[in-house]
Amino acid sequence: MILVSGKEVSNKIKDEIALEVEKLKSNGGKTPHLAAVLVGDDGASRTYVNAKVKACERVGFGSTLVQLDNDISEADLLAEIDQLNNNDEIDGFIVQLPLPNHIDEQKVTEAINPAKDVDGFHPVSLGKMLLHLPSFLPATPYGIVEMLRHYNIPTEGKHCVVLGRSHIVGSPMSVLMARKDYPGNCTVTLAHSRTQNLKEVAASADILIVAIGKPEFVTADMVKEGATVIDVGIHRVEDSSKKSGFKLLGDVKFDEVAPKCSHISPVPGGVGPMTIASLLKNTLLAVQLKN
Ligand code: GUN
């Protein structure tokens with residue numbers, strides 16, 4: 001069994017980005033600049049946004065954190081987005097999800113200038129992805145593709161089962177794995193909460209990508225011997241033996257599934273760090289596409 005270390009791969013990608021930034025700067029180019037909008041004070045969202053800002057420092061990007069009150073009106077948030085759209089210093093920005101219930105996430109996503117949509121959630125970005133045109137790929141699926149590439153995991157002609165059909169992970173993941181490309185060229189099954197015989201479907205996968213949002217949902221009987229398993233889930237579960245008071249669990253019951261796998265990604269240290277590396281790659285692309 002080979003552990004798919006997103007931590008390792010993301011560090012390599014960050015080193016490559018840092019070199020590119022040095023080159024850009026020494027050629028008199030602009031320092032790439034990412035902004036992140038955080039609405040409210042959800043603990044997990046704050047942690048993710050802080051990690052994104054820290055990653056910018058690591059690769060030599062500029063960064064801006066726009067912190068807004070939980071009760072900001074939709075109109076005021078849209079005005080903030082308009083400012084970021086029109087600020088030439090900012091090459092790309094993200095609005096951390098989820099947003100408070102009184103704000104329409106789709107409206108907010110569509111307000112972002114597609115040229116700065118480094119999360120890849122805008123309909124223009126998703127449409128380009130579907131057509132295999134150069135575009136900002138959604139960070140999590142993009143990170144998974146890069147992990148499969150790094151470990152030279154064979155994908156052509158394989159059966160890839162994606163569990164979960166969210167707009168930001170499962171659906172785009174299924175599109176990327178079906179692309180005529182490497183990684184890709186898979187026969188893809190997109191399974192979800194209404195899938196019949198989910199266990200059997202999962203157990204027929206050569207590559208199983210799990211983004212179903214339920215802690216330790218995938219058990220050993222749902223995995224084929226020799227499969228590659230990528231775990232997108234991340235759940236904070238109370239654990240009094242930890243200093244922090246919680247531990248992190250994925251969507252896969254790692255201890256019993258790992259021995260059956262050719263490759264498996266852990267939680268933490270798997271998909272999570274790759275998501276941040278992809279966001280940085282997209283921000284660099286935003287700068288390159290401008291020139
Ligand atoms: N919430 C969970 N994942 C993401 C992500 O990739 N981007 C944003 N903006 N919000 C998220």
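Side chains included, hydrogens not; waters and symmetry mates left out as well; all remaining heavy atoms used. Start at 1 with the first residue, then count along the sequence. Remember, it's 1-based here, ligands and their atoms both numbered in the order they're listed. Remember, it's a predicted structure, so these values are computed and weren't measured experimentally.
For atom 3 (N) of ligand 1, the closest non-hydrogen atom of the protein is I168 CD1, 3.9 Å. Among protein heavy atoms, the minimum distance from atom 11 (C) of ligand 1 is reached at Q96 NE2, 3.4 Å. When hydrogens are left out, the protein atom nearest atom 1 (N) of ligand 1 is L97 O, 3.0 Å; that is the closest non-hydrogen contact.
With a heavy-atom cut-off of 4.0 Å, D119 touches ligand 1 through its side chain alone. Residue contacts with ligand 1, taken as heavy atom pairs separated by less than 4.0 Å, do not involve Y48 at all. Residue contacts with ligand 1, taken as heavy atom pairs separated by less than 4.0 Å, involve V95 solely via the backbone atoms N, CA, C and O.
Note on V188 and I230: same hydrophobic cluster, where clusters join Ile, Leu, Val, Met, Phe, Trp and Tyr whose side-chain heavy atoms are under 4.5 Å apart, directly or indirectly.
The shortest N/O to N/O separation between T140 and ligand 1 does not fall below 3.5 Å. Taking any N or O of A139, backbone or side chain, none lies under 3.5 Å from an N or O belonging to ligand 1.
Contact check on K54 versus E57 returns no salt bridge, with no Lys/Arg side-chain nitrogen under 4.0 Å from an Asp/Glu carboxylate oxygen. Under a 4.0 Å N-O distance rule, the pair D15/R58 qualifies as a salt bridge. Ion pairing of K12 with E16 is present here, as a side-chain N (NZ or NE/NH1/NH2) and a carboxylate O approach within less than 4.0 Å.
Few gaps surround NZ on K30; more than 12 heavy atoms of other groups in view lie less than 6.0 Å from it. The environment of NZ in K107 is sparse: at most 12 heavy-atom neighbours from other residues, nucleotides or ligands sit within 6.0 Å. Heavy atoms of other residues, nucleotides or ligands lying less than 6.0 angstrom from NZ of K260 number more than 12.
The contact set between ligand 1 and F121, taken as ligand atoms under 4.0 Å from a residue heavy atom, comprises 5 (C), 6 (O), 7 (N), 8 (C).
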